[in-house]
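To keep things clear, I will list the structure first and then write my remarks on it.
Ligands are counted one by one from 1 in listed order, and the atoms in each one are counted from 1 as well.
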Amino acid sequence: METRVLTVDPEHPDPAALAEAAAVLRAGGLVAFPTETVYGLGANAMDADALARIYAAKRRPANDPIIAHIARVEQLDELAREIPASARTLAGAFWPGALTLVLKRAPAVPEVIAAGRDTVAVRMPAHPLARALLQAVNLPVGAPSANTFTRPSATTAAHVLEDLDGRIDLVLDGGPTPIGVESTVLDLTGPAPVVLRPGGVLLEDLQGVLPETTLAPRYLAEDGATDAPGQLLKHYSPRARVLLFTGGREASRARMQEETRRLAAEGLAVGLLLAAEDTAAFADTAAIEVLGAEGDHAAISRRLFEALRALDRRGVDTILVRDFGRAGLGAALWDRLLRAAEGRVVDAGA
Ligand code: TXA
Ligand code: MG
C-alpha cells in the first residue's frame, strides 16, 4: 500500500486533514499521529480487524497489548468496568497527559486490544493534534508507538516512515513530539497501584496523589516473556549493540573513553550518546550525539530515540551511553536505556 503523509499544524490542525484521517480510522485503516510522548499508530479500538492490522504492520507479537486513546473522560466507561475511585482521581490530576491506566476491560471492547487479557489500558493524550483527531473520529483509538517492534519509538514522522512506510495508510506529520519517551503505565487492577512502565508522568507525582504507588517494571529475557506483555528486555533497540555505563560520572567517562579506544583499535565504529558536559572528554574516535545538558532530563528524553536512530543511520557497531540518574524523568530514561542495551550494563564504580 502507499502511505500518504499529511503535514499538519499541530496547534491549528486543518479540518480537511482531520476529516481524512478520521475516515481512514472509521474504515478500519491505520493512521500514525503525534502525541506529546511519541507517535502512535492508531486504529479503531472497537474494531478487532483494525487492531489486528496494527500487530501486522508493526510485526508485533500477539501477546503485547495496546493502549486505547480517548478524548473525553466519559469514554472510560465504554472501555472499562468496575472503575476504582483512584482512576477518576488520577484522571482528574493527570489527564490529558502522559499517564496510561490499566483497568478491567468492558465486555464491548475487543479482547485483541488487550492480547486476550481481562484488562484494558487507557490514556487521554494532551497533544493538540492527537486531541483534535480523537474528537474528529469520536471513537477510542488503539495506538501503540509507531515503530517496528523492538525498534526505538518514533518521535518524528520521518521515524514513522523509516519503519512503517508502505505498511500503513496515513501519517499525520505534526512535527517532533515534545516529551520523547512514552507514557507511564499504571496498573490499577491489583490491591495497590503499580507502575509497569516509568514514563512521562513522574512516579513522585503519582505518589503525591496515591502514596502507596510503587514502581515495578519487570525485565525479562525474550524466552520468558510470554506472560509479561511489553516487558521484554530487548525493546527500543537500535541495530547497534548498546553498552550502558553506571557509577560515578568521572568513573563512567573514564571507562567509556577506555572502551571507545579499545573498540576503535579492533576496527569497530563506535557511537557515543553524551551529555553536553561529556563532549570535551571524547576525541574524534567516535560518532557523537549530544542529548542535552546533564541535569536536563527533559531535553535528554526528547532527543533520546532520535539520537539512537541517528547513530544507527551512521552505521556504528556499538553505542556507549551512561546513566543520567534515576530520579524524576531519569526513571524512564534508565528504563529505556537498559532495554536498548538489552541489559548490558557496565559498572564503572564510584
Ligand atoms: O506514550 C505512549 O504510551 C505511546 C503513545 C502512542 O500513547 N504508546 C505506547 O504504546 O507506548 P506501546 O504499545 O508501545 O506501549 C504500551 C505499553 C506496553 O508496555 C504494553 O504492554 C502496556 O503498555 N499495556 C498495554 N495494555 C496493557 C494491559 N492491558 N495490561 C498491561 N500492560 C498493558
Ligand atoms: Mg512501543
| Which option, Gly116, Pro125, Pro65, owns the non-hydrogen atom nearest atom 24 (N) of ligand 1? | Pro65
| note | Any heavy atom of Leu196 under 4.0 Å from ligand 1? The part involved is side chain
| query | If hydrogens are left out, which of Ile54, Ile67, Thr35 has an atom nearest to atom 16 (C) of ligand 1, that is, the closest non-hydrogen atom? | reply | Ile67
| Will you find, in the side chains of Thr100 and Ser183, an N or O donor that is under 3.5 Å from an N or O acceptor? | yes
| N or O pair under 3.5 Å between Ser145 and ligand 1 | yes
| Do Asp163 and Arg59 sit within salt-bridge range, that is, some charged N less than 4.0 Å from a carboxylate O? | no
| Test item: side-chain donor near acceptor, Arg123 and Thr37, under 3.5 Å | yes
| message | Could you tell me, atom by atom, which parts of ligand 1 come under 4.0 Å of a heavy atom of Ala121? | response | 25 (C), 26 (N), 27 (C), 29 (N)
| Does Ser145 put an N, O or S atom under 2.8 Å from the Mg ion (ligand 2)? | yes
| Proximity of Arg123 to ligand 1 by residue part, where a heavy atom lies under 4.0 Å | side chain
| query | To which of Arg60, Glu182, Lys104, Met124 does the heavy atom nearest atom 13 (O) of ligand 1 belong? | reply | Arg60
| Taking all non-hydrogen atoms of both residues, which atom of Ala68 and which atom of Leu79 are closest, and how far apart? | CB-CD1, 3.9 Å
| Ligand-residue contact atoms, ligand 1 with Gly40, heavy atoms, under 4.0 Å | 6 (C)
| field | Nearest non-hydrogen partners of Ile113 and Gly142, listed with the distance | value | CD1-CA, 4.3 Å
| task | Using a strict 4.0 Å threshold on nitrogen-to-oxygen distance, state whether Asp64 and Lys58 make a salt bridge. | result | no
| field | Shortest heavy-atom approach to atom 18 (C) of ligand 1 - which of Asp64, Asn147, Leu186, Val185 | value | Asp64
| query | For ligand 1, which atoms have a heavy atom of Val38 less than 4.0 angstrom away? | reply | 4 (C)
| task | Check each atom of ligand 1 against the heavy atoms of His69 and keep those under 4.0 Å away; list them by number with element. | result | 5 (C), 6 (C), 7 (O)
| Polar atom proximity, Thr37 to ligand 1 (N or O, under 3.5 Å) | yes
| message | I need the minimum non-hydrogen distance between Ser153 and Asn147, along with the two atoms involved. | response | CA-OD1, 3.6 Å
| said: Between Thr148 and Arg60, does the side-chain hydrogen bond (donor to acceptor under 3.5 Å, both in side chains) criterion hold? Intermediate values first, please. | reply: CA-CA 7 Å; Thr148 307; Arg60 180 179 176 121; over 6 Å; no
| query | Would Asp169 and Arg4 pass as an ion pair if we require N to O under 4.0 Å? | reply | no
